[in-house]
J.: 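Below is one structure. I have some questions about it.
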Amino acid sequence: MPVIKSIIRLNDLDTNFVDEVIETGSEVFGEEIPKTIMACMQCGRCSGSCPSGRRTAFRTRKIYREVVLGFREKVLSSDELWYCTTCYTCQERCPRGVKTTEIIRILRNIAAKEGYMSKSHKMAAGHVFRTGHAVAINEEIQNVREELGLSRLPPTTHSHPEALAKLQDILRKTHFDELVGFDWETMELKEV
Amino acid sequence: MEEKTYACFLGCVIPNRYPGIELSTVKMLRELGVESVDMPGAGCCPAPGVFGSFDLKTWLALAARNICIAEELGCDIMTMCNGCYGSLQEADHLLKGDPLLKDKVNEILAPEMEYKGTINVKHQVEIFTDDIGIERIKEAITMPLDGLRVGVHYGCHFLKPSAVRGHGKAERPGMVDALVEVTGAKSVEYKDKMMCCGFGGGVRTRDIEVALDITKEKITNMLDAGVDCTVNPCASCHLQFDRGQVEIEHIFGDRFNLPVLYYSQLLGLAMGHDPRELGMHKQNIPTDPVLDKVEGLK
Amino acid sequence: MNIGVYVCHCGTNIAGVIDVEKVTEYATTLDGVVVARNYKYMCSDPGKDLIRSDIKENNLDRVVVAACSPTMHEKTYRDVMEEMGGNPFLFEMANIREQDSWVHTDKDMATEKAYDLVRMAVAKVRRNEPLERIEIPVTQRALIIGGGVAGMEASLDLAEQGYEVIMVEKEQSIGGHMSQLTKTFPTLDCPMCILAPKMALHEHKNITIYSFSEIEEVSGYVGNFEVSIRKKAKSVIEDLCNGCGLCQEKCPTKVLSVYDGKLGTRKAIYTLFPQAVPRIPVLDRENCLMFTKGTCGVCKKVCPTDAIDYDQQDEIITEKVGAIIVATGYAEYDPTPIEEYGYGRYKNVLTGLQFERLTNASGPTLGVLKRPSDGATPKRFAFIQCVGSRDVNTQEYCSKVCCMYTVKNARLLRDEHPESEVYIFYTDVRSAGKGYEEFYKISQEKGVKFIRGRVSEVVGLPDDNLLLRTEDTLTGDVYEVEVDMAILACALLPAEGSDKLRDILKISEGTDGFFMEAHPKLRPVDTLTDGIYLAGCAQGPRDIADTVVHAKGAASGASVLISHTKMSLDPISAYSDESVCRGCGECKLVCQFGAIEIEPLNGRLIAKVNEVLCKGCGACVGACCNGAMSIRHFKDEQINSMIEAAMEVA
Ligand SMILES: Cc1cc2nc3c(=O)[nH]c(=O)nc-3n(C[C@H](O)[C@H](O)[C@H](O)COP(=O)(O)OP(=O)(O)OC[C@H]3O[C@@H](n4cnc5c(N)ncnc54)[C@H](O)[C@@H]3O)c2cc1C
Ligand code: SF4
Ligand code: SF4
């Protein structure tokens, strides 16, 4: 049986999406960087440069096109959006000066807000809430450190509770706890 | 050379997974006349492609907090990981260039902390290259590694985005190769040398197969060119190659055993140090083949 | 004094923002104004008729038109004045378009600003004085800089009209880039075959060629330029040399040939190519053993006419011309900085021009296809488009000719080597031109594979083959393609030395670096410097057909000028009041155009202005501490009256 699909009506797409992207990106980068997406000429130099795209369905070029046309849901929900290693090869080479990698980061910010942050990412974030480190110390490494003549705990948030408290205060202020779903009572992720 | 003291930024991977990197870097720099001091209470940089992907504002505020600690010390920051360098350097760049953004971040940091923009963020490679200089390193080499074939891996965030980093075009850089070659080792040309290791952007955390497939390709390319080991200037890449080989074997079944050295470990060997002083025995992939070759050179 | 004021609507350009009725009404209240009108298009015939009839009926002697910029239409209305027997300098324009309606949105304020501008123009015209135009002689000869197809075409057109032409070519032969090509799109003619008849121009009685020569200095002005030309030493006495070629045959020194894209060698004494014009060889002193080691002398020994002269010196020649045509062409972009394509690192990555030489019957391999790395016959080819073009990191513009020349070369490969795999990696195929789209279609039918994607990188493989990576944006797949040779369609850049020439000629360049035309649409062959014209790629990338058209345009522009024996100039120049001037010479010091001389008059010194050289810039007026210097048509009292009028409130 052939699959019957209904035709896409461009008019029905979310034409404000690209403005949303530019606005979101402007908060940290200023307007100039996110706005470069408007100049993409779909040449594909980015996709061909991409180490992830070479082995997956991730096509940087296609994402910019879909953003400009307004495929909001499709872009934000796609797994491919998360395959970028932020190696910046595409951004360096883009002949139209599109800040490709930054735009991927901006899109991921919006996707995260829309609930598309993966569990594994939330768990990594959870370590930062608890320890100030995304990769935290463990018993084994403490022993290694000692063996090498270093302090068992590094001079970081691991051994400075007041600094950790400050860091946690920042995470509250930026509402990162809400984004990740971190429970300050249990010091665990809410869903887990 | 002007004597200089840096604020040593550790990040996460170095103190909590590869303390040998910290050990060897601090030691080699000291022997070459560069001092470094701890940054008490520093934390995750946080990874620009990971936390920057979740929420740029949180990323920026956490990075700014780290910079503030160094500002208190009155020292420029020394980083040993491209991720840490990328994060802190980019944050510093953005905040120095946009006073309104700086105000916003300072609101978050208040009342105890304030980002002022008084220091700079440096990569270890810059310190070796610019502060110390190739000539001075050359004088310190007591055990030339002539004959050792090295696959240099630069990593991405040390050089890119080049418009922000300011070290020139990133397609064919030479800085790390020069640092490697001054030890007597040969930096071997190999396919896709400037390709990413696969670690970044949160791919390792979320889709490890994609990340490792990239790592595997790089390792294969290096081995095809006949290298004895790979040398990197980045703790994250280091983890991806070293720990990654264990994971590759687990997931894909390929076993490579390519020794992974951090730059200051390689330099340490050339400066006559015992590999144990450089933490080389505390890694996943044995570095013995390199040591054997070096031993053979003696 | 009867002044007429005419307010133009310029369609809605002006009337859409400014209330033209009110401005007209306001104008009638101004001192001296006897009639004021408005009209939809003042510059149209009916518009001009309004002015004409008012001059007659209302005895107007002075006119103000409130419309666009004087650079657009001042001449139009001055001509009307003149034609009606008036003096063209008793006229003023108030620019209420560019300086008002186009830059403001508030209609009331814009209308008020129009009042101010009209009031100022009326104040000025009241004080204007009738002036006579200056007549100058015209030298009826032309200088052509550059002997490519553009320079040749322009030279022939002018020479055939009977004008003497001086051609200066920096290389030792004329011919330009066209002489390097193998075939030409879209007809696949042999370029040398169609060029040869034009190159015969050196036999034309009206054309003098200075080859291996450069422009040293240009002075003078439209109709009367004086040019000094450096004729570099060829170390060959041109009058004696018969072009037999024995010297280059016997010369023992081989040097990489730039003309052949460094894919082959030439001798230290050499002509560029077999059909070179003139056929005189040039001795390359940087590589000749006589100059590097002090011994050899083979060429001198073998020359049957004793034409070799190791001591020859550069010569400086001066020529007087009325018009100059700049036809310096282009240079191919060196793609080394785009490191990811590996040019300069991988031997089998070539530029477009190198490929032309490699396939050229008189090229380094005599037209036999061989890879530079190992001499093997390549079978798989990748053409990479837009290298250094359409890229904000290098040149932002499209180089216009590369799509078509690539299609040409790809098609020729399929024609002559049907077994070869030929890919073109493109961003867009731009095939606008007569017969071009058809040419593109034929190349597809011949089996050239077009892949829409800008190549991301070229990876060198151990066997000197090349691995390309690209996305096929039409399928969304990322491909790797292994080829034996990659050809980069490199951007066209302004010719080397264009900056220097720009300064010598005092012409300008656009943001793309090419010489700038006076108007992109309406004056594409003129420069902003009167008497200097542009032809061919000197103004921007274009193919041969467009180059020829452009060159003919430039020749036509130049002949309009030099067909006259005399021309008239605006009398807007500085002059000194001899009764006040003390001859201190401050003005002479500041004049950039060398228009002022200090001369004796009745036992004292005074400044004297050469009205033709004077550009009316006013620098001397500011420098004079005695108030002796003035500019006609822009005298202090004329300008002051405008300032006063500006301060008044409507
Ligand atoms: C690879 C390639 C293939 C092409 N194939 C085709 C084709 O098939 N068909 C087609 O229609 N077009 C083709 N073109 C375009 C074609 O080359 C140009 O249209 C044509 O050469 C332009 O002629 P020109 O006289 O303006 O410039 P040029 O050919 O560049 O000639 C300029 C001349 O001026 C001289 N000169 C430069 N500076 C000075 C100076 N300061 N003083 C004195 N002399 C100076 C130069 O030495 C040169 O002789 C191709 C271009 C390239 C790069
Ligand atoms: S390289 Fe730049 S212009 Fe080309 S498709 Fe990618 S983002 Fe668009
Ligand atoms: S002519 Fe074609 S290949 Fe050349 S720059 Fe323009 S689009 Fe690119």
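Note on naming: letters A, B, ... go to the chains in the order of the sequence lines (proteins, then strands), and numbering restarts at 1 for each one.
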J.: More than 12 heavy atoms of other residues, nucleotides or ligands under 6.0 Å from NZ of C/Lys408: is that the case?
T.: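 Enclosed.
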
J.: Measuring only between side-chain heavy atoms, which start at C-beta, is A/Arg61 closer than 4.5 Å to C/Thr473?
T.: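 In short, these two side chains touch, coming nearer than 4.5 Å.
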
J.: Using a 4.5 Å cut-off on heavy atoms from C-beta on, say whether the side chain of A/Arg54 contacts that of C/Glu471.
T.: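 Result no, sub-4.5 Å side-chain heavy-atom pair not found.
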
J.: Among A/Arg59, A/Arg96, A/Glu92, A/Met41, single out the residue with the greatest number of heavy-atom pairs under 4.5 Å to chain C.
T.: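 With the most close heavy-atom pairs to chain C, the winner is A/Arg59.
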
J.: Given that the side chain runs from C-beta out, which part of A/Cys94 has a heavy atom under 4.5 Å from chain C: side chain, backbone, both or neither?
T.: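 Backbone only.
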
J.: Can you tell me if CD on C/Glu445 sees more than 12 non-hydrogen neighbours from other groups inside 6.0 Å?
T.: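 Buried by this count: over 12 neighbours within 6.0 Å.
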
J.: Is a donor on one side and an acceptor on the other found under 3.5 Å between the side chain of C/Ser456 and the backbone of A/Arg45?
T.: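 Yes: the side chain of C/Ser456 pairs with the backbone of A/Arg45.
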
J.: For A/Lys173, does the NZ atom have more than 12 heavy-atom neighbours from other residues, nucleotides or ligands under 6.0 Å away?
T.: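 Count over threshold, so yes.
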
J.: Could you state the interatomic distance from OG (A/Ser49) to CD (C/Glu457), rounded to the nearest 0.5 Å?
T.: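 Reported to 0.5 Å precision, the distance equals 5.5 Å.
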
J.: If you count the non-hydrogen atoms of other residues, nucleotides and ligands that lie under 6.0 Å from CD in C/Glu480, is the total more than 12?
T.: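 Count over threshold, so yes.
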
J.: Is the CD atom of A/Glu23 crowded by more than 12 outside heavy atoms at less than 6.0 Å?
T.: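 Incorrect, the count does not exceed 12.
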
J.: I'd like to know if C/Glu339 pairs up with A/Arg93 as an ion pair, taking the criterion as any Lys NZ or Arg NE/NH1/NH2 lying under 4.0 Å from an Asp or Glu carboxylate oxygen.
T.: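 Answer for the salt bridge query: no.
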
J.: Looking at C/Thr470, C/Leu468, C/Thr394, C/Asn393, which makes the most heavy-atom pairs under 4.5 Å with chain A?
T.: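 Looking at each of C/Thr470, C/Leu468, C/Thr394, C/Asn393 in turn, C/Asn393 comes out on top.
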
J.: Side-chain contact, heavy-atom cut-off 4.5 Å: C/Arg454 with A/Pro95?
T.: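 Side chain of C/Arg454 against side chain of A/Pro95, heavy atoms only: contact under 4.5 Å found.
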
J.: Tell me if the CD atom of C/Glu419 is crowded by more than 12 foreign heavy atoms within 6.0 Å.
T.: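 For C/Glu419, atom CD is crowded (more than 12 foreign heavy atoms under 6.0 Å).
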
J.: Around A/Arg65, counting heavy atoms of other residues, nucleotides and ligands shown, do more than 12 lie under 6.0 Å from its CZ?
T.: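 No - once you tally the heavy atoms of other residues, nucleotides and ligands closer than 6.0 Å, there are 12 at most.
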
